[in-house]
Amino acid sequence: MNLPLSTPDLVSRAAGGDRAAFAALVNDHYDFLYRTAYKWCGNRADAEDVAQDVCVKLAGALKGFDGRSAFTSWLYRIVLNTVRDRQRQGARRARQADALSKVTAGEAAPDQESAVTENQMWAAVRRLPEKQRDAMLLVYAEDRSHAEAAGIMGVKEATVSWYVHEARKALRDMV
Amino acid sequence: MNDEFLKSLKNIEAPEPSGAARTRALDAAMAAFDAAQAEESEKNQKKNSESAQGGGTAARLRSITSRWKRNWTMDIRVPLGATVAALLVVPMGWYFLNQTALTPVELSMPSLPPITSADGAGEMEVANVQTRQAQEFPTAPAAIPAPVAESLGNVAMEQTAASPTFSSAPMPAGGFARTGLYETKAGDGDRFTAFDEGGVKLTANEPVSTFSIDVDTTSYAYMRRVLEMGQIPPADAIRVEELINYFSYDYPAPEAGGAPFLPTIAVHPSPWNAESRLVHIGIRAQDVDISEVPPANLVFLIDTSGSMDEPDRLPLLKRAFALLVNELSADDTVSIVTYAGAAGVVLEPTSGAEKRKILAALENLQPGGSTAGAQGIEAAYRLAQDAMIEGGTNRVLLATDGDFNVGISDPDGLERLIEGERRKGIFLSVLGFGMGNYNDATMQSLAQAGNGTAAYIDSFSEARKVLVEELGGTLLMVAKDVKVQVEFNPAAVSEYRLIGYETRALNREDFNNDAVDAGDVGAGHSVTAIYEIVPAGARGSVDPLRYGENAAAPALGEDDEFGFLKIRYKAPDSEVSQLIEAPIPVAGQYRAIADAPQDMRFATAVAAFGQKLRGSGHLAAMSWDDIRALALFARGEDASGRRSEFLRLVDIAASLD
């Protein structure tokens with residue numbers, strides 16, 4: 001019973017109604033959900049909320065996971081959708097913008113361009129249109145290939161490249 | 001715009017997620033999982049039989065609560081959710097129906113059914129949740145600012161309209177709080193020391209029972225708060241002796257000049273077991289008029305961390321301390337030190353006559369800022385030392401919602417520091433606030449190390465009770481290290497069980513060892529301990545021994561004793577204990593519980609309530625109604641209204657079970 005199970009095992013058991021498996025699964029992935037959410041939201045409170053919403057969604061959505069993509073890709077998709085829904089509601093835009101400058105301050109690598117510029121760019125990336133932002137963060141913050149990002153976003157690889165291209169152009173103008 | 005620069009996006013480091021948020025998320029996930037599973041099985045059941053019992057009820061409930069449906073933070077639809085909502089609404093209805101002047105307005109109750117507190121520790125986030133609901137769901141009932149009395153009135157009306165229907169709806173067997181279906185726990189981050197209920201002891205094997213007195217009442221206030229939120233408190237949060245001792249009992253007080261307290265003993269039948277009797281041991285300490293209390297040198301050591309920024313924390317704390325300040329005279333001094341937020345000395349020792357200055361300093365306290373380890377506690381003790389009053393009360397009052405990073409991170413080191421200061425004559429009491437981060441275990445151990453009490457302040461009326469009504473007891477200790485030892489007579493008692501005091505048990509040899517620390521009794525405090533005993537010859541939990549020495553117990557005469565009570569205590573300024581002794585006679589026991597004194601009957605009802613709330617097997621035969629009836633007829637004059645409040649808590653617990 002207490003043997004550690006692999007993620008695919010946990011997923012299929014949890015989808016079948018195994019409570020302990022579901023608990024273990026959520027427990028294992030909470031940090032991933034939270035960290036991803038943090039990169040997209042830029043503040044801790046929203047990241048925690050998003051992570052929690054995703055945890056709750058998983059209870060109902062797990063049955064819909066068909067195993068064709070990697071479980072983490074699938075999780076990315078849910079996190080991204082949750083972030084998007086949340087931001088469309090727009091409830092916390094102001095707060096987010098506020099928090100951003102505080103959170104990122106002091107975390108910049110010193111050998112890059114000035115920290116201020118870097119912070120500004122993170123903020124700028126998060127202000128991009130949703131698709132472009134998702135592509136940029138997946139490719140640059142999460143270090144995913146264009147193909148992987150395409151899988152997560154449910155678009156063609158060429159489309160991801162296009163988003164990245166557009167985003168870089170936009171950033172050049174913004175920063 | 002180069003690639004290197006973009007790659008620095010990888011450097012985004014998320015700060016560690018908070019444990020509370022994590023727990024909340026996992027709990028919410030499990031609740032959603034359970035709801036999804038329940039939905040699944042409901043679907044299957046429907047397929048099998050359309051006339052599934054309870055189906056109609058669910059539909060009815062759903063139609064009533066449909067307007068709340070949109071409150072779910074999750075996107076998945078949970079048809080059962082409506083039922084769950086109804087289950088949560090019932091206790092809320094109770095709460096609002098039961099609103100009186102006693103449970104004052106600053107309780108930061110979620111004024112909507114705590115549906116979003118599928119996130120477990122809901123409380124902590126109530127304010128946020130409400131705003132979010134209001135913004136996200138325009139159709140949701142308008143968010144109501146909790147602390148506004150008028151609004152509460154409106155809600156009460158709204159709820160009254162709805163609740164009769166809800167309460168008449170059948171509860172699922174087993175009660176909601178224990179089904180695991182949307183189990184919303186109050187304050188998930190709250191920490192309690194786990195303990196098991198004290199077991200039955202055979203007098204033949206273990207005739208002597210020893211424990212330390214406990215005058216703390218944190219457990220009662222916490223339990224009340226959780227019940228009023230419509231939830232069953234965790235068993236470890238219920239210390240039955242603290243429930244009993246929350247109430248004051250009118251035991252005869254000793255005459256001035258003699259021993260500091262007097263034991264009162266009574267024996268009467270047990271209401272929950274026809275074979276057993278209850279032995280009450282009541283202790284009442286000398287009452288001291290507040291004007292006769294020697295001058296006090298008080299240092300408020302206040303947690304101003306960001307988490308204190310809730311209506312039931314720093315704002316309540318300010319009002320609570322303001323009450324206390326108003327009781328002080330020109331001979332008293334007050335200092336204020338903060339920690340965890342903007343740390344440092346806020347107010348140097350100031351005379352109680354300068355109330356305005358003290359209150360202004362208190363009012364200016366702001367939560368938030370860094371949690372850098374301030375040398376809070378050392379500053380507090382330094383000020384206490386500076387303003388030391390020889391022969392007076394010198395006490396640090398630590399107020400917190402659970403952060404004890406007062407400057408010393410090692411908990412043992414903190415206890416040692418407090419003990420060291422205690423020997424120098426500076427005592428420490430702890431006041432707990434809020435929920436979700438509440439650290440009961442640490443509070444208890446620090447207060448014990450500091451010869452002080454721990455109190456949980458959940459409302460303004462509780463603040464008044466602790467800091468005004470019982471100020472004498474809080475400030476003036478009349479006896480310290482009070483230990484109780486009872487030796488049962490095997491010829492008269494076959495089995496016994498101490499109700500509560502599990503966390504205060506002492507070894508038999510500790511009783512005479514003056515080096516062993518124990519509880520302290522303040523002026524006017526009353527303390528009650530109740531033993532359940534099975535008289536020799538009555539049917540107990542074990543069979544009598546076939547080859548035992550006195551297999552056939554002789555009938556008890558009037559001269560016999562059930563046992564012998566010994567109490568050891570030290571005068572506040574002494575390190576040598578003194579002894580009080582009294583027999584527990586068979587003669588004079590009450591034949592019926594109705595004959596027992598009113599206060600003892602009430603204490604019995606509270607004992608029954610606490611044990612039943614803990615899920616004790618001993619109480620299986622006693623229903624909530626029985627407990628209520630027992631308490632109702634022992635309520636008496638109840639000038640403070642607390643006994644009436646207890647009756648309401650019994651009702652809430654009954655409705656949740």
Side-chain angles (χ1 to χ4, degrees), chain A residues 14 17 19 22-23 25-27 30-31 33-39 42 44-45 47-49 51-63 81-82 85-86 89-92 103-104 107-109 112-113 117-118 121-122 125 136-137 139-143 164 167-169 171-172 175, chain B residues 1-41 44 72-78 81 116-121 124-125 128-129 131-138 180 182:
Chain A
R19 193 170 194 274
F22 180 73
L25 189 68
V26 177
N27 191 41
Y30 177 83
D31 280 9
L33 298 176
Y34 164 79
R35 282 177 207 291
T36 309
Y38 184 87
K39 287 179 188 171
R44 181 196 192 122
E48 284 174 350
D49 287 357
Q52 176 171 334
D53 284 359
V54 173
C55 287
V56 168
K57 279 185 188 178
L58 282 179
L62 211 50
K63 282 191 214 68
N81 287 343
T82 308
D85 291 349
R86 185 177 185 78
Q89 279 152 355
R92 297 197 175 178
V103 169
T104 48
E107 287 168 5
Q112 302 286 341
E113 296 180 48
T117 327
E118 200 167 274
M121 196 182 67
W122 285 340
V125 167
M136 288 298 277
L137 283 169
V139 170
Y140 289 103
E142 295 294 308
D143 215 7
V164 170
R168 295 181 60 150
K169 211 165 69 183
L171 285 174
R172 207 170 298 136
V175 176
Chain B
M1 186 60 45
N2 58 42
D3 254 0
E4 280 307 304
F5 194 26
L6 281 171
K7 276 182 187 142
S8 72
L9 279 174
K10 253 195 304 196
N11 300 341
I12 309 177
E13 280 290 342
E16 282 299 311
S18 86
R22 187 193 171 92
T23 315
R24 209 154 60 219
L26 298 191
D27 282 354
M30 292 322 292
F33 184 77
D34 290 342
Q37 293 303 317
E39 182 194 352
E40 190 87 335
S41 63
N44 292 341
W72 294 95
T73 43
M74 59 194 109
D75 294 337
I76 51 163
R77 288 201 49 224
V78 188
T116 33
S117 55
D119 64 13
M124 292 159 59
E125 277 247 295
N128 290 344
V129 168
T131 346
R132 203 162 70 211
Q133 281 176 345
Q135 285 164 340
E136 289 182 10
F137 309 114
Y182 260 85

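Here is how names work: the chains are called A, B, and so on, in the same order as the sequence lines, proteins then strands, and each is numbered from 1.
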Indicate the atoms forming the closest heavy-atom contact of [X] with [Y], along with that distance.
X	Y	result
A/Tyr30	B/Ala25	CE1-CB, 3.4 Å
B/Ala28	A/Gln52	CB-NE2, 3.8 Å
A/Arg19	B/Phe33	CA-CE2, 3.4 Å
A/Ala59	B/Ala29	CB-O, 3.9 Å

| field | Test side chain to side chain donor-acceptor pair (under 3.5 Å) applied to A/Arg35 - qualifying residues, sequence neighbours left out | value |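 Applying side chain to side chain donor-acceptor pair (under 3.5 Å) to A/Arg35 gives B/Glu16.
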| Test item: B/Arg22 side-chain N/O and A/Glu48 main-chain N/O as donor-acceptor pair under 3.5 Å |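 Such a contact is absent between B/Arg22 side chain and A/Glu48 backbone.
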